[in-house]
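Worksheet: one structure, shown below.
All chains are named by letter (A, B, ...) in the order of the sequence lines, taking the proteins before the strands, and each is independently numbered beginning at 1.
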Amino acid sequence: MTDRRRINGPVGATIPLVFEDVEDYEQVATKAARSRAPNAVRKMYLKTGVTPSASGSAYLEIETSGKGGVSGLKLSCTVYGPRSLPRSSPFSPHIILSTHVKYAPFATKQRRGYLRDPAERDLGSHLEAALRGAIIADRWPKSGVDIIVSIIEGDQDRETSKTQGDEAWDIMNALSGCITVASAALADAGIDCVDTVAGGVAALVRDTADSSPSIVVDPIPSEHEKILASCCVAYLPTRNEVTNLWYKGDLPASDMELYTKLVEKGIQASTNANRVLLECLGETVN
Amino acid sequence: MASTQHALLSPAELAYLHAALSLTPPIRPDGRSPAQFRPLVAETGILPGTNGSARICFADGTEAIVGVKAEVERTRGGYEGEIVEGGGAEEVVTDVNDEEKKGESDWVEMTVEIPGLRDDDATTAFLGAMISEALLADGGFSRRLWINRRFHWKLYLDILLISPPLSYPLPLLSLTTHLALLATRLPRLKSEGDEDPFFDDDWAAARYLYPRNKKDGKTTARPPVTLLVMAVGNNIIFDPAKEELAVADVALAVSIGEDATTAATATGDDASLMMDVDSTTAAAAITSARNLRLLSIRTIDPPSRLTPSGVPNATNTAYGAATTQKQPEARTAEAEAVEGVWRAPRGGAKPLVMAALVHKVLEKGGIADEVLDALHAVDLG
Amino acid sequence: MPVTILAPKAMRQDYGQADKQNISDDSDDADSSNGGAELDYAELAKADAEGHTHKRPRIAGGDFEIVTPGEVITDDPQWMRGHGTYVAAGTTSIISSVAGTITRTNKLLSVRPLRARYTPEVGDLVVGRIVEVQAKRWRVDVGATQLASLPLSAINLPGGILRKRTETDELQIRTFFAEGDLLVAEVQQLFQDGGAVLHTRSLKYGKLRNGMFVAVSGMGGGGGVVRSRRQVWTLEAASGGGPIDVVLGVNGYVWISKHVETPEGLVEKTSGITNLDESVSATMYSSQNDRIGPETMREIARIRGVVTALVDNGLRVDEDMVMRGYHEAVEMAMVSSVGADDIYLGGERGEQLAAVLTAV
Amino acid sequence: MASSSSIALPGQLLGPASKFQPGPGTHIHQSNLYSSLLGVVHISQPAKAPGPTKRLTKITPAPAPAELPTVSVSRSGVSEKREVLPEVGNTVLCRVIRITPRQAVVAILICGDTVLHAEWQGLIRVQDVRATEKDKVKIYESFRPGDIVRAEVISLGDQANFYLSTARNELGVLLATSEAGNNMFPVNWKEYQDPETGVSEPRKVARPY
């Protein structure tokens with residue numbers, strides 16, 4: 001699986017250095033607690049039309065948690081199409097959607113390769129499911145559209161050690177950002193959609209070892225002692241419909257209410273993102 | 001992606017299927033009741049060269065084999081130089097508390113092989129991610145692979161679909177994996193503490209990965225299972241066949257796990273302790289309150305969105321007065337739905353419908369319970 | 001219980017007593033004369049030395065004889081070789097090239113494969129699915145090794161038989177049949193390579209709607225759809241299901257649908273060619289289903305269950321078997337705990353049904 | 001809904017389906033019309049005279065029982081980049097890519113008044129070149145690679161091509177280059193002439209407006 005077409009970086013995983021600054025030592029050691037209210041999402045910046053050569057494009061940035069050395073989420077999405085399908089492909093009465101999600105090699109603590117790894121492919125599948133519900137596919141027969149999302153910065157805290165936090169949870173935030181940014185880029189490209197879809201994340205977290213769990217929206221994994229369960233929702237606000245739901249965690253099955261609340265909060269986070277999305281699209285027009 | 005290996009069906013068939021499945025009670029093409037699974041044939045321990053294996057096949061010839069192989073691997077420390085170099089062995093043993101027995105997700109490697117699909121296909125990646133995600137959801141699974149602070153078991157799970165997928169293979173693969181893991185045994189550790197591990201070469205003494213109750217030979221904790229459930233109209237349908245999935249309004253894959261007791265998870269009871277769990281409480285746990293855990297939910301992109309829509313007779317140009325129409329192939333205009341004409345659904349699903357699907361899986365005495373009961377009955381050889 | 005999990009069983013002995021008899025005969029011989037497994041090899045070696053391959057004394061056997069590829073069927077020169085056999089150069093032995101049952105027609109020896117794809121023959125009634133639309137023809141999946149083709153000139157065009165084909169028909173070819181559409185047609189012509197050309201130039205052929213499709217293996221050795229007197233018939237369904245059409249494509253594709261008045265039926269009621277034309281065009285290429293009652297849907301599903309149960313249990317599928325199976329299934333549902341609504345015929349219930357049918 | 005130049009976002013309610021007809025860029029959901037694009041809302045009153053009118057909208061609804069105003073959302077004015085899919089009945093401008101005795105393969109450049117960014121391929125079959133004497137048409141006497149042709153879309157065609165026709169007077173070659181490499185001018189309905197060499201070449205000439 002080596003990629004011969006590019007000059008690759010060093011083989012194997014690189015472990016970033018952790019500098020133990022004496023003054024900051026305390027700060028590093030103690031976990032940064034969440035400063036936002038449980039219902040508050042982080043501020044985000046969204047702009048469409050950033051890539052002139054693409055049919056549609058958008059850029060999304062979510063603010064950092066305010067602490068130095070912590071990267072926020074930075075995503076860029078380009079949409080190519082609708083365009084004709086390659087000659088070899090069979091007739092399609094619908095638009096063929098293909099989604100690619102790729103972390104930049106430097107987006108996360110662990111360097112990513114140039115080839116898409118299974119996690120990135122998986123993200124692509126989720127994104128596709130989320131978008132497919134939103135677009136009106138039969139408006140564009142025999143056409144294809146490529147949606148490419150690059151994760152430039154992966155919303156990770158450089159100063160947490162490897163054992164703290166878990167990338168498995170970060171990926172939820174990344175997906176929700178991917179959905180929102182891709183939705184903006186689709187609207188920019190003029191592809192028919194039933195509604196604007198946006199992503200939102202909610203999680204059931206425990207802040208200290210013995211406190212009772214609580215639900216927060218837009219969680220930053222490094223801010224919490226343990227994440228028990230997390231869900232990412234892609235939501236169409238005017239139709240009140242969910243196009244993609246991804247939940248993982250460990251909840252007692254007997255407690256349906258907990259699950260329902262989690263999804264509700266996810267929808268709430270998605271609605272917040274949607275407000276930003278609509279405002280951004282409105283600005284594009286004027 | 002996930003389910004785009006779509007069944008080619010005509011609009012008339014799709015309209016018929018959708019109508020039949022929307023009835024109360026729904027009429028499924030093969031006559032099953034909404035919650036009925038296709039009958040399957042299962043066996044375990046079919047591959048002597050593995051630590052655990054299972055095979056499941058459906059009547060239509062769809063067949064899956066799972067083999068589990070375990071290897072001893074040196075645990076990589078968090079950072080260079082952090083690797084614990086064993087001090088006094090005795091001391092270490094007492095020191096290891098359960099919190100420290102933390103597993104890593106990369107201790108499990110899973111590959112899914114589906115004939116006719118490239119291994120970098122999105123479907124394969126999606127299926128693999130879904131099954132491993134459920135397995136690793138609570139971290140409790142990888143803890144079972146802990147040997148000592150310097151070594152762990154690395155588990156290779158190879159999931160093979162033997163026949164081309166006649167229906168969405170997720171439930172089949174998940175059930176087979178479940179059985180294979182139940183049948184998986186690891187050699188008994190003879191070394192102590194953090195020294196280089198060596199094992200009992202007597203296979204009969206090997207321990208089950210999911211320890212069993214000594215009395216009835218049944219396991220207490222169980223690996224997760226993933227169930228495929230879909231909704232058409234007001235009906236909730238389990239284990240959909242390919243043509244049923246083709247008219248689904250929404251489809252979910254729900255993974256559930258089962259814990260021995262609540263206490264066991266809370267304190268992170270380790271495997272060997274569970275072996276010796278008082279058999280009466282364990283038996284009670286099985287019979288009375290099954291402790292189900294909701295581990296993962298994923299939306300399966302329903303292939304219905306990619307189906308060809310039908311043309312109502314009123315606008316069908318091949319219907320009667322074709323010549324009077326000026327544009328014979330003008331694109332079908334937006335119109336209200338017409339009865340008997342298939343329209344590919346747009347948009348997503350109402351949150352309430354999704355919640356109902358999940359509830360149906362999880363409710364007490366619900367489908368998850370019954371599936372686990374049935375799997376319980378499989379002879380684990 | 002929603003899930004039935006069965007333990008694996010040994011393979012079914014489908015191919016009757018004759019085969020078993022042969023095997024036991026062979027071993028008896030070996031036991032009596034030489035008494036030991038190794039002596040089988042000696043016998044083989046002897047046969048080889050004489051220039052023959054090992055062969056079982058088969059030709060005079062019963063109806064079901066299974067041969068495998070490479071097995072000598074006979075070296076008697078009086079036989080002629082047919083499908084599924086070949087003659088090695090320089091010998092007169094007829095050798096099987098497939099695994100299947102021997103059939104003899106006069107002096108012609110052929111082997112019918114146990115499992116094979118459908119081989120089209122002129123005049124076959126087939127159910128097919130459009131997989132590709134080309135400029136002047138469709139490519140149709142009929143379960144054969146190759147896609148069949150249906151030329152635009154071989155269909156009835158809306159507006160009547162007398163209408164001339166125009167260029168606009170070519171441009172709107174997709175409005176007649178599009179990808180995924182199901183149709184019933186007849187094999188009109190065969191190419192050298194086995195590819196079939198279909199036609200739907202009869203009112204009983206054309207696009208299918210109002211029903212359900214099921215694919216079973218056709219033309220197999222034991223089970224599946226067999227060529228028979230009638231491939232299409234209408235039955236009056238039990239418990240208010242109304243009339244139901246069953247189309248058993250020779251290729252093993254089956255269509256079960258609510259019976260709609262056929263244009264032929266309308267001919268009797270109406271008079272004159274123009275009316276006929278209108279009624280033909282009205283339904284010919286429609287993809288809109290009529291209103292179908294739940295009782296009809298239930299009975300359609302039950303018939304589908306009967307067909308799959310027959311195939312799963314290695315029985316032939318023809319009008320007689322389907323009708324008997326259907327009546328039996330209705331009976332079974334009556335005594336079932338769930339009642340007449342119970343239409344499930346999978347797994348054990350299917351075996352039960354097959355057992356009843358074969359017992360008669 | 002009175003203003004004809006308001007902005008709509010995807011998913012925005014435009015009005016009940018009983019009052020308007022859906023135009024391009026809109027869709028129906030639960031008897032209401034919603035926008036499906038980010039663009040400007042247009043409401044066009046129905047033409048007074050029923051019958052085959054020049055189509056302004058891209059989607060012709062089936063002959064409507066009662067003529068309702070058509071509401072549509074268009075990308076024009078919102079973004080330079082907008083893509084439309086050529087549709088049956090559209091007039092397109094295209095460039096001839098290659099010719100064979102049976103057909104001319106073209107690249108569609110402009111559809112209606114929209115410049116296309118993507119490459120859509122079209123096909124002019126020999127029988128669609130002109131309306132009369134179809135059997136005498138020769139492709140090489142009608143088109144040459146490089147010509148700019150005005151044509152009408154007559155079918156969505158197969159997986160790769162739209163089928164185009166030039167079988168009307170105003171359709172055909174608009175710009176042609178001679179073998180010497182000079183721009184030519186039309187001299188009659190079937191010839192272009194090179195102003196420098198004076199050599200004329202056969203073409204299916206579009207009638208100048």
Exercise. Would you check if D/W120 and A/K142 make a side-chain contact, meaning some heavy-atom pair closer than 4.5 Å?
Key: no
Exercise. Could you tell me which residues satisfy ring-ring contact (aromatic ring centres under 6.0 Å, His included) with A/W246, sequence neighbours excluded, listed by chain and number?
Key: A/H126
Practice problem: Write down the atom of D/L37, the atom of A/G190, and the distance for their closest heavy-atom approach. | Solution: CD2-O, 3.3 Å
Quiz item: Which pair of heavy atoms, one from A/P141 and one from D/L85, lies closest together, and at what distance?
Solution: CD-CD2, 3.3 Å
Practice problem: Pull out the residues in residues 194-201 of chain A that come under 4.5 Å of chain D, heavy atom to heavy atom, sorted by number. | Solution: A/V194, A/D195, A/T196
Quiz item: How would you list, in number order, the residues of residues 259-267 of chain A that have a heavy atom less than 4.5 Å from chain D?
Solution: none
At a heavy-atom separation under 4.5 Å, does [X] approach chain D through its side chain, its backbone, both, or neither?
X      : result
A/L85  : neither
A/S92  : neither
A/P90  : backbone
A/I135 : neither

Exercise. Name all residues meeting the side-chain contact (heavy atoms from CB on, under 4.5 Å) criterion together with A/S57; count only those two or more places apart in sequence or in a different chain, and write none if there are none.
Key: A/V50, A/T51, A/T78, A/D188
Quiz item: Counting heavy-atom pairs under 4.5 Å to chain A, which of D/S36, D/A160, D/A118 comes out on top?
Solution: D/S36
